[in-house]
**Q** 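Below is one structure. I have some questions about it.
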Amino acid sequence: MRLATWNINSIRARLDRALAFVERSGVDVLALQETKCKDDQFPREPFEQLGYEVVTSGFSQWNGVAILSRVGLADVEVGFPGQPTFGDPGVVEARALGATCGGVRVWSLYVPNGRDLADPHYAYKLDWLARLRDQAGQWLADDPGLQAALVGDWNIAPLDTDVWDLEFFAGKTHVTPAEREAFRAFAEAGWTEVSREHVPAEHTYTYWDYQQLRFPKNQGMRIDLTYATPALAARVTGVSIERVERKGKTPSDHVPVVLDLAD
DNA sequence: ATGACGACTGGAAGTCGA
């Protein structure tokens with residue numbers, strides 16, 4: 001089975017690219033983030049014509065997650081139990097969507113950005129991660145043989161070598177000790193970040209800002225990551241960061257990460 | 001070429017991303 005995750009940065013603006021990727025990569029399951037549209041605006045039909053089931057959780061122009069699957073799509077959950085709200089009145093944002101596809105529990109995740117260390121979004125980000133970690137730990141405790149993956153845009157660069165210049169990020173989000181600890185906590189809860197195991201090369205990025213010629217200069221960040229349960233991690237035979245998808249006209253600023261799983 | 005930010009909404013300029 002082939003499973004991919006991609007922050008698409010608007011599914012409507014990049015429908016053709018998404019369809020082309022699905023066809024050339026032959027993914028069985030595709031988790032999308034930043035779809036940037038309401039559920040009734042999501043272009044389901046072209047994917048359904050290719051044999052995929054589609055489930056979405058969107059809200060107007062911000063956030064939005066989706067899962068496409070041609071190996072079944074069951075037990076959909078919009079948001080994870082205990083997912084923090086933001087704002088007053090509090091809103092559960094469209095950042096987490098779970099479904100079971102081909103026997104694997106898949107969560108498409110768009111972790112809050114954080115914006116600035118003094119911004120309320122930063123505390124929200126840390127709380128969001130802590131609550132998700134609590135759930136993830138419970139899921140695994142309840143079923144040690146669980147096959148599950150937490151995929152998506154974590155908005156954290158776990159290692160110094162996951163950014164091109166640590167000095168550039170001094171005082172900024174994505175690299176703070178608190179964010180990195182929030183990320184490591186999933187490993188302490190028994191999960192394994194499998195893309196690192198299979199693609200260990202330093203300065204291998206999944207995101208490049210549109211500005212400042214970041215992509216031609218290869219000034220990016222590795223922030224699209226996959227935590228797997230032990231049972232699923234054992235099935236991963238390879239991981240591919242699809243850098244080619246950052247090239248050409250109107251790309252997303254993120255590229256897909258593809259996981260191959262043994263049957 | 002991989003080349004100097006892009007998508008959204010509203011209908012201009014502001015918000016958001018990281």
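Keep in mind the model is a prediction, meaning the values are calculated, not measured. Hydrogens, waters and symmetry mates are skipped; everything else that's a heavy atom, side chains included, is used. Residue numbers start from 1 in every chain, and the chains themselves are labelled A, B, ... in the order their sequence lines are given, proteins ahead of strands.
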**Q** Look at the side chain of A/Y52 and the backbone N and O of A/V71, then say whether any donor-acceptor pair between them is shorter than 3.5 Å.
**A**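 No, A/Y52 side chain to A/V71 backbone: no donor-acceptor pair under 3.5 Å.
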
**Q** Could you tell me the separation between the CZ atom of A/F59 and the C1' atom of B/dT9, rounded to a whole number of Å?
**A**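 One finds 12 Å between C1' of B/dT9 and CZ of A/F59, rounded.
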
**Q** Between A/Y210 and A/F215, is the ring centre distance below 6.0 Å?
**A**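 A/Y210 vs A/F215: aromatic centres not under 6.0 Å.
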
**Q** So, is the end of the A/K172 side chain (NZ or CZ) under 6.0 Å from the ring centre of A/F168 and within 45° of the ring's axis?
**A**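 Verdict for A/F168: a cation-pi partner in A/K172.
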
**Q** Ignoring hydrogens and angles, state whether a donor on the side chain of A/N9 or A/K36 is under 3.5 Å from an acceptor on the partner side chain.
**A**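 Yes, because at least one side-chain N or O of A/N9 sits under 3.5 Å from a partner of the opposite role on A/K36.
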
**Q** When the C1' atoms of B/dA18 and B/dC5 are compared, how many Å lie between them, rounded to an integer?
**A**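 Looking at atom C1' only, B/dC5 and B/dA18 are 12 Å apart.
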
**Q** Quickly work out the A/D224 CG to B/dA18 C1' distance and round it to whole Å.
**A**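 In whole Å, B/dA18 C1' lies 12 Å from A/D224 CG.
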
**Q** Starting from P on B/dC16, measure out to CG on A/N7 and report it in whole angstrom.
**A**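 Value for this atom pair: 17 Å.
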
**Q** B/dA7 C1' sits how many Å from A/R14 CZ, rounded?
**A**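 In whole Å, B/dA7 C1' and A/R14 CZ are 8 Å from each other.
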
**Q** Check whether any side-chain nitrogen or oxygen of A/R246 sits under 4.0 Å from OP1 or OP2 of B/dG6, and answer yes or no.
**A**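 No.
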
**Q** Check the distance between B/dG17's C1' and A/R95's CZ and give it to me in whole angstrom.
**A**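 The answer, rounded to whole Å, is 10 Å.
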
**Q** List in numerical order all residues of residues 203-216 of chain A for which some heavy atom is under 4.0 Å away from an atom belonging to DNA chain B.
**A**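 Those residues are A/Y207, A/D209, A/Y210, A/Q211, A/Q212, A/L213, A/F215, A/P216.
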
**Q** What's touching nucleotides 10-15 of chain B from the protein side, N or O pairs under 3.5 Å?
**A**
none

**Q** Scan residues 161-175 of chain A against DNA chain B and write down, sorted by residue number, each residue with any heavy atom closer than 4.0 Å; if none is found, say none.
**A**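 Here the set is A/H174.
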
